[in-house]
Amino acid sequence: QVQVVASGGGAGQAGAALTLSCVASGTIFKINTMSWCRQAPGKQREFVGGVSNAGGPNTVESLKGRFTISTDSAKNILYLQMKDLQPEDTAIYSCNMYVRSADSAPWATVWGQGTQVTVSP
């Protein structure tokens, strides 16, 4: 079974930097996309950034300049580098991948557990 594990969350003050990691493992034939999303209490989940098989890393326009996506494709790792964190960045950050276990298998989205990021003023 494909597994996705997120880690690196923590607490910090405004202006701090933090890097999150998302590691995919298991029977993986091909990964089409890997993405980071976040969800604050009482709010809907929002897309942060990610990578696709056809393109390079990208970050949602509103977070460009502070949040950066990077990968270690050989190890199926997706990183989210965050700097100048603000209280409004406080949320549960989750990663997911669109993957298939074999060439004949269907594509599926697999989610990892969330990792909490808390930023104080």
Side-chain angles (χ1 to χ4, degrees):
Q1 184 178 31
V2 177
Q3 299 281 96
V4 178
V5 179
S7 63
Q13 295 184 326
L18 196 63
T19 298
L20 307 182
S21 299
C22 176
V23 182
S25 62
T27 303
I28 302 173
F29 175 73
K30 188 175 183 179
I31 299 173
N32 189 60
T33 63
M34 296 183 71
S35 304
W36 278 103
C37 296
R38 67 181 183 181
Q39 185 170 24
K43 294 186 177 181
Q44 293 185 330
R45 183 174 62 204
E46 62 178 332
F47 174 75
V48 173
V51 296
S52 68
N53 188 49
N58 70 284
T59 304
V60 67
E61 188 67 28
S62 62
L63 296 176
K64 287 183 177 179
R66 294 198 302 118
F67 287 21
T68 302
I69 294 290
S70 63
T71 63
D72 182 338
S73 59
K75 298 180 179 180
N76 295 325
I77 302 176
L78 179 70
Y79 298 102
L80 175 60
Q81 297 171 268
M82 304 180 290
K83 64 179 181 180
D84 192 26
L85 286 165
Q86 300 298 312
E88 53 264 40
D89 295 318
T90 295
I92 295 176
Y93 287 71
S94 301
C95 63
N96 71 83
M97 55 185 286
Y98 194 54
V99 62
R100 66 196 307 175
S101 59
D103 192 28
S104 60
W107 289 96
T109 299
V110 181
W111 286 87
Q113 87 292 353
T115 183
Q116 179 72 47
V117 173
T118 303
V119 185
S120 61

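Treat the numbers as computed from the prediction; the structure is a model and nothing was measured.
For A105 against R100, the heavy-atom pair with the smallest separation is O-NH2, 2.8 Å.
Annotation: side chain of P57 is not in contact with side chain of S70 (no heavy-atom distance under 4.5 Å). With contacts defined as side-chain heavy-atom distances shorter than 4.5 Å, the pair T115/L20 qualifies. Residues V2 and M97 meet the side-chain proximity criterion, which asks for heavy atoms closer than 4.5 Å. Using a 4.5 Å cut-off on side-chain heavy atoms (C-beta onward), N53 and I31 make no contact. The closest side-chain heavy-atom distance from I69 to L80 is below 4.5 Å. The side-chain heavy atoms of N32 and V99, taken from C-beta on, include no pair separated by under 4.5 Å. Put simply, the side chain of V117 reaches to within 4.5 Å of the side chain of M82, judged on heavy atoms.
No chain of hydrophobic side-chain contacts below 4.5 Å, direct or via other Ile, Leu, Val, Met, Phe, Trp or Tyr residues, connects V4 to I77. Put simply, V23 and V48 are part of two different groups of oily side chains (I, L, V, M, F, W, Y) that touch within less than 4.5 Å, one to the next.
Partners of K30 by salt bridge (charged side-chain N to carboxylate O under 4.0 Å, His left out), not counting sequence neighbours: none found. Remark: E61 engages K64 in a side-chain hydrogen bond (donor to acceptor under 3.5 Å, both in side chains) (not counting sequence neighbours). Residues meeting the side-chain hydrogen bond (donor to acceptor under 3.5 Å, both in side chains) test with T118, sequence neighbours left out: Q116. Here K83 pairs with nothing under the side-chain hydrogen bond (donor to acceptor under 3.5 Å, both in side chains) rule; sequence neighbours left out.
For residues 41-76, no pair satisfies disulfide bond (SG atoms under 2.5 Å apart), with sequence neighbours left out. Listed by first and then second residue, the salt bridge (Lys or Arg N to Asp or Glu O under 4.0 Å) pairs that reach into residues 110-120 come to none, sequence neighbours excluded. Listed by first and then second residue, the disulfide bond (SG atoms under 2.5 Å apart) pairs involving residues 34-72 amount to none (not counting sequence neighbours). For residues 27-66, the set of pairs meeting the ring pair (Phe, Tyr, Trp, His ring centres under 6.0 Å) definition, not counting sequence neighbours, is empty. Here ring pair (Phe, Tyr, Trp, His ring centres under 6.0 Å) pairs that include residues 55-93, with residues two or more places apart or in two chains, number zero. Sorted by first and then second residue, the pairs that involve residues 57-121 and meet disulfide bond (SG atoms under 2.5 Å apart), not counting sequence neighbours, are C22-C95.
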Tell me which donor-acceptor pairs under 3.5 Å the side chains of residues 84-92 have, and how far apart each pair is, sequence neighbours excluded?
residue : atom : partner : partner atom : Å
D84     : OD1  : Q86     : NE2          : 3.1
Q86     : NE2  : D84     : O            : 3.3
D89     : OD1  : R38     : NH1          : 3.0
D89     : OD1  : R66     : NH2          : 3.1
D89     : OD2  : R66     : NH1          : 2.8
D89     : OD2  : R66     : NH2          : 3.4
D89     : OD2  : Q86     : N            : 2.8
T90     : OG1  : P87     : O            : 3.0
T90     : OG1  : V119    : N            : 2.9
T90     : OG1  : V119    : O            : 3.3

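Of the inter-residue distances, the one linking T68 atom OG1 with L63 atom CG reads 10.0 Å to the nearest 0.5 angstrom. Rounding to the nearest 0.5 angstrom, the gap separating the OG1 atom in T33 from the CG atom in N96 is 6.5 Å. Taken to the nearest 0.5 Å, the OG atom of S25 stands 6.0 Å off from the CD atom of Q3. Rounding to the nearest 0.5 Å places OG of S21 at 9.5 Å from CD of Q81.
Clustering of Ile, Leu, Val, Met, Phe, Trp and Tyr by side-chain heavy atoms under 4.5 Å joins W107 with Y98.
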